[in-house]
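Remarks on the structure that follows.
Positions are given from 1 along the sequence. In each ligand, atom 1 is the first atom listed, and ligand 1 is the first ligand listed.
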Amino acid sequence: MTARKLIDPKKDTAPARVLRLVLGDQLDKHHSWFSCIDANHLYVVAELVQEQRYVRHHIQKIAAFFLAMDHFARDLRAEGHRFNRYDLDDTAAFKDLPAFLEYLAKFHQVETIEYQLPDEHRLRDQLSVWAKRSSRPVKAIESEHFYLTEAELHAYFKAGKAHRMEHFYRKMRVKFDVLMAGAAPVGGRWNFDQENRKRFPKAINLPEPLLFDNDIVAPVARLRRHNIETVGVEPQTLIWPVTTQQAERLLEDFCLRLLPNFGRYQDAMTDRGWALFHARIAFALNIKLLRPRDVVEAVVDQLGRQVEGVDIAQVEGFVRQILGWREFIRGIYWANMPAYGHSNVLKADGRLPEFYWSGQTDMACMKQALQQSLEYAYAHHIQRLMVTGNFTLLLGVDPREVDAWYLGIYIDAIEWVEMPNTRGMSQFADGGLVASKPYISSGKYIERMSDHCKTCRYDVNLRFGESACPFNVLYWDFLRKHEPRLRKNPRMRMMLSHYDKMASDERQLIATSADQLRQTLATK
Ligand code: FAD
Ligand code: SF4
């Protein structure tokens, strides 16, 4: 038992009336909990073994969480709040979070325990089950982070219903009066995708990403001490923001340097860089160092400043991600959990190729996406969707394995946002609750949006044979395999019309190549 540690003189050991739990992804200084200082309230934030082991996380992700918790506790203590920060050494002996909370409640003789509703079903379920049997009253309140309250979310999203992001997004624009000129959208249109999504011209200078230099020696040592298995590259220092100030600097840097090209090159990929014009704020947002409203406001503000290159297409393209996609994904998650975590309509049962964990592959596009994921815990949306996700979908990998990989590897991966993006948008495992058709493509899409194919050992123009681009082989094979289901989807007509024109001997050669590819991958 670690009581010795819990009565550590560096910690607040006095009795308290209310114990307030802050989870590692609830580091929001603006939450109403912190609007006044009350000596009756003792706040706690803790590293827990259960949170490090439910999936194999990237080492940078865990370190970032631990450091962000350190800073948060320190800052709130400096503001006068009673705040205890527990590390793995303190908590490792406790079976789980409820056991730890019960211990603390007894130790501090508290009357009530309060927590903010977790964003993850797993934790929400654990806490609500425990709350019912706890010896003290336990109260849950909103995290106050998102645009939509819990009630508004449940009123809009229904279980098992296919919702469409565009429809939801327009409603959100109106409801929150974002980029609106009266009842009409600013710029006269809701969507500027046509102007956006270009590939990089040869001459473009890619910006150097703003990186931080956070010391990770202590968190990494704790991970090692507690035998926590991790994935990814252990860096010298942590480049990700772990304080509100760092998160705000990253946002400011995005507005000043990257926003002018954000929408335009949102879907572009290259061997020449990993961060490109993306904001890289998802981690800061998801642990609540940044508030979505502040982010949207900061970006919309740029439009009024007439910064060179910043036009409605760039700003709208960004606002759609936060006000639209992020809130939409959360709605899908909560309407459909826990069943969503078992969805697999395509009955995919293949194994995730080993090279997802090593980055060792001859496919140039995959190599870039995987190696930067391992090195920085980051890939941008199109790499996640149209490269790594496209490949597992075409290959027919079991969505449980795909989920575990995405949930572990990315700095910003928290289940509520990772799962609907992975199972829904990327793997079509939910049968169309998120996406109206599977996001599949041959190598031709990757060739159009990147420079990867030029250096690749595979030939993007071939559909079968040893040198054929694996995306091509698997794409046509996917259409063959799922033809009956896909025929029912009007949005798949165009893709299938090309398949229909294909000679039967070519289809056979593709099927043979696909089998060979699968066998090769299974043995690697
Ligand atoms: P930018 O490209 O700069 O976009 C700005 C912000 O918009 C992001 O920070 C994010 O908060 C929001 N956003 C954009 N697209 C989405 C989306 N589809 N869903 C929710 N928010 C969005 N995002 C996560 O935050 N966590 C995840 O675990 C995650 N897993 C994903 C898995 C797959 C298979 C796919 C296809 C997408 C996933 N996304 C996830 C969405 C998106 O890829 C990331 O939010 C984005 O790449 C983060 O990088 P950024 O901050 O540079 O984003
Ligand atoms: Fe990727 Fe195929 Fe292009 Fe190679 S040829 S980079 S595998 S799309």
Contact between ligand 1 and Phe318 is defined here as a heavy atom of the residue under 4.0 Å from a ligand atom; is it met? yes

Would you call the rings of Tyr410 and Trp405 parallel, tilted or perpendicular, where under 30° means parallel and over 60° means perpendicular? perpendicular

Donor-acceptor pair between Asp430 and Ser343 side chains, under 3.5 angstrom: no

With the threshold set at under 4.0 angstrom, would you say Tyr410 reaches ligand 1 through any of its heavy atoms? no

Answer yes or no: is there an ion pair linking Arg457 with Asp362, defined by an N-O contact shorter than 4.0 Å? yes

Ligand 1 contact on Thr388 by region, counting heavy-atom pairs under 4.0 Å: neither

Output the list of atoms in ligand 2 that are nearer than 4.0 Å to some heavy atom of His452, sorted by atom number. 6 (S)

Side chains of Ser513 and Gln516: is there a donor and an acceptor less than 3.5 Å apart? no

Residue Cys365, metal atom 2 (Fe) of ligand 2, N/O/S under 2.8 Å: no

Interfacing atoms of ligand 1 (cut-off 4.0 Å, heavy-atom, Ala279): 3 (O), 52 (O)

Taking only heavy atoms of Leu385, which atoms of ligand 1 are found under 4.0 Å from at least one of them? 36 (C)

What atoms in ligand 1 come closer than 4.0 Å to a heavy atom of Tyr406? 32 (C), 34 (C)

Ligand 1 versus Ile329: contacting region, heavy-atom distance under 4.0 Å: side chain

Give the numbers and elements of all ligand 1 atoms closer than 4.0 Å to a heavy atom of Ala282. 9 (O), 25 (O), 48 (C), 51 (O)

Hey, is atom 3 (Fe) of ligand 2 within less than 2.8 Å of some N/O/S atom on Cys456? no

Which protein heavy atom lies closest to atom 3 (Fe) of ligand 2, and at what distance to 0.1 Å? Cys453 SG, 2.3 Å

Checking side-chain polar atoms at under 3.5 Å, does Asn214 have a donor or acceptor matched by the opposite partner on Thr237? no

Does Phe328 reach ligand 1, in the sense of a heavy atom lying below 4.0 Å from it? no

Close-contact set for ligand 1 against Asn286 heavy atoms, below 4.0 Å: 24 (C), 25 (O), 26 (N)

Answer yes or no: is there a side-chain heavy-atom contact under 4.5 Å between His163 and Ile332? yes

I need the atoms of ligand 1 closer than 4.0 Å to a non-hydrogen atom of Arg280, numbered in the order shown. 50 (P), 51 (O), 52 (O)

What do you reckon, does Phe262 put a non-hydrogen atom under 4.0 Å from ligand 1? yes

Can a side-chain donor-acceptor contact be found between Glu401 and Tyr356 if the only test is distance below 3.5 angstrom? no

Pick one of side chain, backbone, both or neither for how Gln266 approaches ligand 1, counting any non-hydrogen atom pair under 4.0 Å. neither

Lys444 and Asn461 side chains, donor-acceptor separation under 3.5 Å: yes

If I take atom NE2 from residue His381 and atom OG from residue Ser426, how far apart are they, to the nearest 0.5 angstrom? 9.0 Å

What residue and atom, counting heavy atoms only, is the protein's closest point to atom 2 (Fe) of ligand 2, and at what distance? Cys469 SG, 2.4 Å

Part of Leu285 with heavy atoms under 4.0 Å of ligand 1, whether side chain, backbone, both or neither: side chain

